[in-house]
Protein chains: 2
Amino acid sequence: MSEPAPLPTACEAALSAALRPALFKALCDPVRVSIVARLATRQDPVAVSDLVACCGIDFSGVSRHLKLLRQAGVVSATREGRSVRYSLNSDALCQVLRASADALEQCSEQAG
Amino acid sequence: MSEPAPLPTACEAALSAALRPALFKALCDPVRVSIVARLATRQDPVAVSDLVACCGIDFSGVSRHLKLLRQAGVVSATREGRSVRYSLNSDALCQVLRASADALEQCSEQAG
DNA sequence: GCAATATTTGCGCGATGCTGCAAATGTTGT
DNA sequence: ACAACATTTGCAGCATCGCGCAAATATTGC
């Protein structure tokens with residue numbers, strides 16, 4: 001009874017939950033993608049001022065993008081002296097992307 | 001010479017290319033996610049009118065969302081009589097999501 | 001406390017996005 | 001050709017987003 005057979009509705013709900021708009025919203029802007037790409041290549045956290053170069057926009061804009069990415073769980077911030085250094089949550093991000101793919105795959109397997 | 005050693009820049013570019021904003025833009029709207037989730041549970045293509053129920057918005061809006069999803073390569077459309085039936089490109093979508101995760105992973109492995 | 005440096009936040013502007021309504025387009029059957 | 005049904009597109013309103021500039025906040029060193 002704890003397993004009333006997986007209904008189509010169940011995996012649909014699971015997929016709907018896995019595909020969280022907030023995450024994709026974080027990755028749908030070119031500037032944010034370039035920030036993520038930049039952070040991905042650095043093991044050590046990077047200061048905001050070092051990210052400005054790869055973005056082509058003002059300090060403030062970069063800071064805002066980073067805030068959004070942080071709120072989406074994509075990056076983490078730690079203060080170090082005067083500067084705030086950001087790092088990419090690679091593992092978490094990979095996991096979420098793969099979980100989305102898995103949920104999708106499971107749905108379509110079950111459907112067909 | 002064809003392999004000048006993989007620079008950090010190379011995987012950064014690869015990741016930047018893998019994380020195509022257009023795809024994520026397609027998935028950053030709740031209505032579109034529900035459409036994708038709905039289509040994922042159906043092996044056979046679904047008509048627009050059958051998708052309206054799960055969206056809570058007007059016909060026209062659903063049609064527009066489907067257009068955007070189609071342009072992003074997420075769904076495919078085929079006309080069948082009066083109606084146009086949409087189906088999810090599950091395999092392609094899975095592949096893109098996993099490719100993103102792989103590119104990300106490769107970058108962070110190379111970095112650290 | 002003050003100046004210097006690094007980042008965040010407030011504000012306003014222009015661009016983009018989502019929506020409903022109505023009109024246009026495509027398709028079938030009479 | 002015409003009516004009925006399904007979908008798409010044009011239009012306008014409203015919200016949200018991304019941006020630069022300037023002001024505010026945080027931290028360090030004198």
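Any value given below was found using the heavy atoms of this structure, including those in side chains, with hydrogens, waters and symmetry copies removed. In what follows, chains carry the letters A, B, and so on, assigned in the order in which the sequence lines appear, proteins first and then strands, with residues in each chain numbered from 1.
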Under a 4.0 Å heavy-atom criterion, DNA chain C is touched by chain B from C:dG17 to C:dT28
Flag side-chain contact, heavy atom, 4.5 Å: B:S16 against A:V33: yes
Heavy-atom side-chain proximity of B:C11 to A:T41 below 4.5 angstrom: yes
Atom pair distance, as rounded to whole Å: [atom1] in [X] and [atom2] in [N]:
X	N	atom1	atom2	result
A:K67	D:dC17	NZ	P	12 Å
B:I57	D:dA15	CD1	P	17 Å
B:L66	D:dA6	CG	C1'	13 Å

Would you say the side-chain atoms of B:R79 pair up with the backbone N or O of B:R82, donor to acceptor, closer than 3.5 Å? yes
Atom pairs, protein N/O to nucleotides 22-28 of chain D N/O, distance under 3.5 Å:
from: D:dT28; atom 1: O2; to: A:R82; atom 2: NH1; distance (Å): 3.1

Residue mapping more 5' on DNA chain D - nearest nucleotide basis, A:C28 or B:V46: B:V46
Can you name the residues that form a side-chain contact (heavy atoms from CB on, under 4.5 Å) with B:S63, not counting sequence neighbours? none
Give B:R32 one of three labels, base, sugar-phosphate or nothing, depending on what nucleic acid heavy atoms sit under 4.0 Å from its own. sugar-phosphate
Within the 4.0 Å heavy-atom criterion, would you say B:V31 contacts the bases, only the backbone, or no part of the nucleic acid? sugar-phosphate
Take atom CD in A:Q71; do more than 12 heavy atoms of anything else shown fall under 6.0 Å from it? yes
A:Q106, CD: over 12 other non-hydrogen atoms inside 6.0 angstrom: no
Taken to the nearest 0.5 Å, the spacing of B:L93 CG from B:L39 CG works out to 11.0 Å
Quick check on D:dT8: is either OP1 or OP2 less than 4.0 Å from any side-chain nitrogen or oxygen of B:Y86? yes
Hey, does the side chain of A:H65 come within less than 4.0 Å of D:dC19's phosphate (OP1/OP2), counting only N and O? yes
Applying the side chain to side chain contact (heavy atoms under 4.5 Å, CB included) criterion to A:R32, which one of A:S34, A:P30, A:C28 satisfies it? A:C28
Indicate yes or no: does A:R98 engage B:D102 in a salt bridge with an N to O separation below 4.0 Å. yes
